[in-house]
Amino acid sequence: MSQDDASSQKTPGKKALRSPQEVAREVLTIEANAILGLVPLLDEQFERAVETIRACTGRVVCTGMGKSGLVMKKVAATLASTGTPSMFLHPAEAIHGDFGMIVQGDLVLAASYSGATEELLRLVETLKRLGVPLIAMTGRDGSPLARAAELHLAVPIDREACPLNLAPTASTTATLALADALAMALLEARGFTPEDFAKLHPGGRLGKRLLRVRELMHHSDALPKVSVETPMREAIYEMSSKGLGITAVTDQENRLAGCISDGDLRRLLEKGEGILHLNAGDCMRSGARSIDPGEMAPVALKEMEDHRITSLFVCEPDGQLQGIIHLHDLWGLELF
């Protein structure tokens with residue numbers, strides 16, 4: 001037999017390699033089925049878990065070992081960002097001193113597919129002594145952790161998506177999905193609003209999209225404002241000191257009468273007018289654009305882009321001036 005013929009023979013007992021796409025399809029199918037398999041298992045235990053967490057006066061302490069621990073870190077972050085105070089506690093660290101982070105009023109949400117993770121089971125006795133409720137997510141109702149918990153949420157799977165049926169894949173995906181369902185049920189039960197979400201995400205683009213104009217505007221001492229009677233020397237100082245390149249001009253009832261911008265000053269100076277001898281009312285430009293303080297931030301950005309301006313005055317429906325919002329306050333915000 002030639003060398004080429006020998007190399008073409010299949011090695012006895014060795015499984016033929018599948019294409020990456022074949023492996024991926026199988027993994028996605030197994031994990032999708034693992035999630036869908038949880039739907040018919042939702043029962044009164046899930047309802048009770050939602051109500052128990054909602055009634056918790058402390059924090060939801062999420063915990064788990066290994067891959068389950070990584071999942072529970074994400075669960076803690078999801079709960080916290082949707083209105084349920086929470087934190088992650090590593091069970092191994094907990095039994096070596098960090099248990100002091102758990103106090104009465106807290107609740108523990110633990111995940112272990114086997115339900116027999118030693119580090120988690122060692123927490124149970126202390127939790128019972130402190131009177132801290134335990135909600136467990138495991139793959140088996142009869143597991144030690146499930147039996148020790150006040151509430152058990154079953155996360156059974158047919159098999160892992162790992163070709164060896166070893167690496168936690170479908171089990172962790174199903175656990176995460178069920179925890180997301182729990183978090184979203186809590187969100188609705190609390191009446192959590194887009195405004196609430198924005199308050200918990202002040203630094204993110206998504207959070208800024210959900211903010212109202214009143215939460216971003218410059219107001220009080222930061223608002224550049226003069227009256228129609230204000231001498232232009234003082235008006236120019238007001239514009240300079242507030243650093244927005246514009247000032248509002250108001251009437252005696254604090255209603256927006258007009259505005260003066262850096263561009264308006266340049267145009268007046270080009271005409272050769274002695275503006276320092278005039279009042280703000282003589283130099284202002286009427287028809288200054290404004291927006292209601294209750295409008296969403298993207299509305300303000302669209303208004304600025306449509307009219308090619310960098311500022312909007314913020315006024316109540318009766319014209320009362322409340323503040324000003326500048327394009328810089330909306331940086332990082334995208335319209336889509």
Side-chain angles (χ1 to χ4, degrees), residues 193-195 198-199 202-336:
T193 66
E195 288 76 16
K199 289 174 184 176
R205 185 169 59 199
L206 180 57
K208 186 171 284 189
R209 285 184 58 80
L210 297 173
L211 289 175
R212 303 285 180 178
V213 168
R214 65 168 61 90
E215 297 172 275
L216 292 170
M217 71 181 185
H218 304 263
H219 58 91
S220 304
D221 292 340
L223 168 62
K225 180 181 75 169
V226 297
S227 71
V228 290
E229 293 88 7
T230 300
M232 277 302 295
R233 187 182 299 274
E234 295 179 22
I236 293 172
Y237 177 78
E238 178 74 358
M239 292 171 60
S240 176
S241 63
K242 300 300 169 64
L244 294 178
I246 196 169
T247 183
V249 181
T250 59
D251 61 19
Q252 294 180 346
E253 282 75 39
N254 193 45
R255 290 191 298 265
L256 183 64
C259 67
I260 303 172
S261 68
D262 286 342
D264 295 326
L265 287 179
R266 287 193 295 271
R267 284 186 286 273
L268 289 168
L269 289 171
E270 287 171 0
K271 292 179 180 179
E273 299 186 22
I275 61 174
L276 294 182
H277 302 292
L278 301 174
N279 292 336
D282 302 319
C283 299
M284 74 177 189
R285 170 167 46 89
S286 60
R289 294 197 171 274
S290 64
I291 191 169
D292 189 279
E295 281 287 5
M296 302 294 285
V299 177
L301 179 59
K302 186 175 188 307
E303 183 79 3
M304 292 184 201
E305 292 182 343
D306 287 349
H307 298 283
R308 297 184 180 181
I309 55 178
T310 58
S311 297
L312 282 172
F313 293 104
V314 183
C315 297
E316 296 290 351
D318 63 357
Q320 288 285 317
L321 180 66
Q322 297 296 315
I324 185 173
I325 185 168
H326 193 275
L327 185 61
H328 292 173
D329 304 317
L330 301 170
W331 273 3
L333 182 65
E334 296 178 356
L335 293 177
F336 57 83

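Quick note: numbers below take in every heavy atom, side chains included, and nothing from hydrogens, waters or symmetry partners. Here the structure is a predicted model, which means the values were calculated and not measured.
- Partners of Glu238 under the side-chain hydrogen bond (donor to acceptor under 3.5 Å, both in side chains) rule, at least two apart in sequence or in another chain, are Lys242.
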Quick one: side chains of residues 289-298, donor-acceptor pairs under 3.5 Å with protein atoms, not counting sequence neighbours, listed by atom name and distance.
unit_1 : atom_1 : unit_2 : atom_2 : d
Arg289 : NE     : His307 : ND1    : 3.3
Arg289 : NH2    : His307 : ND1    : 3.3
Asp292 : OD1    : Gly294 : N      : 2.7

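- Across all their heavy atoms, Ile324 and Phe313 have their closest contact at CD1-CE2, 3.7 Å.
- Taking every heavy atom of both residues into account, Ala280 and Ile260 meet most closely at O-CD1, 3.8 Å.
- Remark: side-chain polar atoms of Asp306 are not paired, donor with acceptor, to backbone N or O of Glu303 under 3.5 angstrom.
- Every residue two or more places apart in sequence or in another chain that forms a side-chain contact (heavy atoms from CB on, under 4.5 Å) with Asn254 is listed here: Lys225, Thr250, Gln320, Leu321.
- Residues satisfying the side-chain hydrogen bond (donor to acceptor under 3.5 Å, both in side chains) criterion with Glu316, sequence neighbours excluded, are absent altogether.
- The salt bridge (Lys or Arg N to Asp or Glu O under 4.0 Å) check on Asp318 picks up nothing, with sequence neighbours excluded.
- The side-chain contact (heavy atoms from CB on, under 4.5 Å) test applied to His277 returns no partner, not counting sequence neighbours.
- Atom CE of residue Met304 and atom CD1 of residue Ile325 lie 5.0 Å apart, to the nearest 0.5 angstrom.
- Evaluation of the salt bridge (Lys or Arg N to Asp or Glu O under 4.0 Å) rule for Glu234 yields no partner, not counting sequence neighbours.
- The side-chain hydrogen bond (donor to acceptor under 3.5 Å, both in side chains) search around Asp221 returns none, not counting sequence neighbours.
- A search for ring-ring contact (aromatic ring centres under 6.0 Å, His included) contacts involving His218 returns nothing, not counting sequence neighbours.
- Side-chain atoms of Ser241 come within 3.5 Å of backbone N or O of Tyr237 as a donor-acceptor pair.
- Sorted by first and then second residue, the salt bridge (Lys or Arg N to Asp or Glu O under 4.0 Å) pairs involving residues 249-265 (not counting sequence neighbours) are Asp251-Arg255, Glu253-Arg255, Asp264-Arg267, Asp264-Arg285.
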